[in-house]
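When a ligand or atom number is given, it counts from 1 through the structure's own listing order.
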Amino acid sequence: MSKSKTSNKSGSQRPEGMLIVLSAPSGCGKTTVVERLLKRHPDWVRSISTTTRSPRSGEKDGEDYFFVDRPTFEKMRSRGELLESAMIFNHAYGTSRNFVLDSLKEGKRVILAIDVQGTRDVKQGLGGKVDLVTIFLLPPSVKVLRDRLEGRRTESPEEIDRRIERAQDEIKEASFYDHTVINQNLEETIFAIENLIQRFDNERRNSQHGVRTARKTR
Ligand code: 5GP
């Protein structure tokens with residue numbers, strides 16, 4: 001596809017696509033937000049992560065995650081097949097390098113729903129080389145987060161406590177992202193994210209060359 005690359009100032013080529021990294025504490029509604037974005041933008045794609053954790057009830061292999069055992073995950077990692085990986089709640093999670101890079105080359109918008117460690121690695125590896133927007137979804141409050149986690153009834157009380165503790169650590173890292181959005185109301189959250197992407201689009205259309213970086217909003 002000839003439109004899949006653009007030249008920058010130095011004449012080098014960069015993919016036309018856009019990488020949208022979305023992070024949020026567990027239970028903040030990130031999955032619903034991603035699903036809604038994909039429904040409204042059928043040309044956007046979500047990277048399906050690989051994980052060593054077991055499927056939750058209703059989760060499907062190849063749709064929610066690729067569920068693999070630890071040796072398989074380690075093999076993928078040692079072969080360089082993962083763009084980033086992280087250990088979360090004693091399970092390994094990782095993003096397929098080929099899927100992301102190929103989709104970007106095809107000019108697609110790729111959503112990565114990953115944690116803070118993974119976002120740091122992606123920013124370090126791809127920052128300045130691809131168009132990248134990082135967004136952190138915040139819960140309205142920690143109390144609302146706990147209520148949501150309890151309401152979905154997929155974790156034990158101990159697991160919920162661990163997730164709340166981790167959420168509090170993650171929230172401290174929100175300022176590292178280009179944008180933060182409080183997920184109080186789904187429609188407003190979608191509207192805010194779409195606006196951020198639209199603004200980034202406008203900025204990159206206006207700048208014909210040079211490295212484009214997302215402007216921070218709070
Ligand atoms: P869950 O097990 O609740 O689906 O996800 C737990 C955490 O893992 C969430 O914060 C989610 O964003 C993160 N996660 C899912 N896939 C990946 C991945 O490929 N890489 C990284 N770094 N985090 C991931």
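A donor-acceptor contact under 3.5 angstrom links the side chains of Thr119 and Ser23, judged on distance only. For Tyr93 and Thr50, the side-chain atoms include no donor-acceptor pair closer than 3.5 Å. If you check the side chains of Asn202 and Gln198, you find a donor sitting under 3.5 Å from an acceptor.
For Lys30, there are no side-chain hydrogen bond (donor to acceptor under 3.5 Å, both in side chains) partners two or more places apart in sequence or in a different chain. With sequence neighbours left out, Arg148 forms a side-chain hydrogen bond (donor to acceptor under 3.5 Å, both in side chains) with no residue at all. Applying the side-chain hydrogen bond (donor to acceptor under 3.5 Å, both in side chains) rule to Ser156 yields the partners Glu158; only residues at least two apart in sequence or on another chain are considered.
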Between the protein and ligand 1, are there any N or O atom pairs that come within less than 3.5 Å of each other, and if so, what are their names and distances?
residue: ligand 1; atom: 2 (O); partner: Arg53; partner atom: NE; Å: 2.6
residue: ligand 1; atom: 2 (O); partner: Arg53; partner atom: NH2; Å: 3.4
residue: ligand 1; atom: 2 (O); partner: Arg56; partner atom: NH2; Å: 3.4
residue: ligand 1; atom: 2 (O); partner: Tyr93; partner atom: OH; Å: 2.5
residue: ligand 1; atom: 3 (O); partner: Arg56; partner atom: NH2; Å: 2.8
residue: ligand 1; atom: 3 (O); partner: Arg163; partner atom: NH1; Å: 3.3
residue: ligand 1; atom: 4 (O); partner: Arg53; partner atom: NH2; Å: 2.9
residue: ligand 1; atom: 4 (O); partner: Tyr65; partner atom: OH; Å: 2.5
residue: ligand 1; atom: 5 (O); partner: Tyr65; partner atom: OH; Å: 3.4
residue: ligand 1; atom: 10 (O); partner: Lys30; partner atom: NZ; Å: 3.4
residue: ligand 1; atom: 12 (O); partner: Lys30; partner atom: NZ; Å: 2.3
residue: ligand 1; atom: 12 (O); partner: Ala113; partner atom: O; Å: 3.4
residue: ligand 1; atom: 16 (N); partner: Ser49; partner atom: OG; Å: 3.1
residue: ligand 1; atom: 19 (O); partner: Ser49; partner atom: OG; Å: 2.7
residue: ligand 1; atom: 19 (O); partner: Glu84; partner atom: OE2; Å: 3.4
residue: ligand 1; atom: 19 (O); partner: Gly94; partner atom: N; Å: 3.4
residue: ligand 1; atom: 19 (O); partner: Gly94; partner atom: O; Å: 3.1
residue: ligand 1; atom: 19 (O); partner: Thr95; partner atom: OG1; Å: 3.3
residue: ligand 1; atom: 20 (N); partner: Glu84; partner atom: OE1; Å: 3.4
residue: ligand 1; atom: 20 (N); partner: Glu84; partner atom: OE2; Å: 2.7
residue: ligand 1; atom: 22 (N); partner: Glu84; partner atom: OE1; Å: 2.8
residue: ligand 1; atom: 22 (N); partner: Asp115; partner atom: OD1; Å: 2.7
residue: ligand 1; atom: 23 (N); partner: Asp115; partner atom: N; Å: 3.2

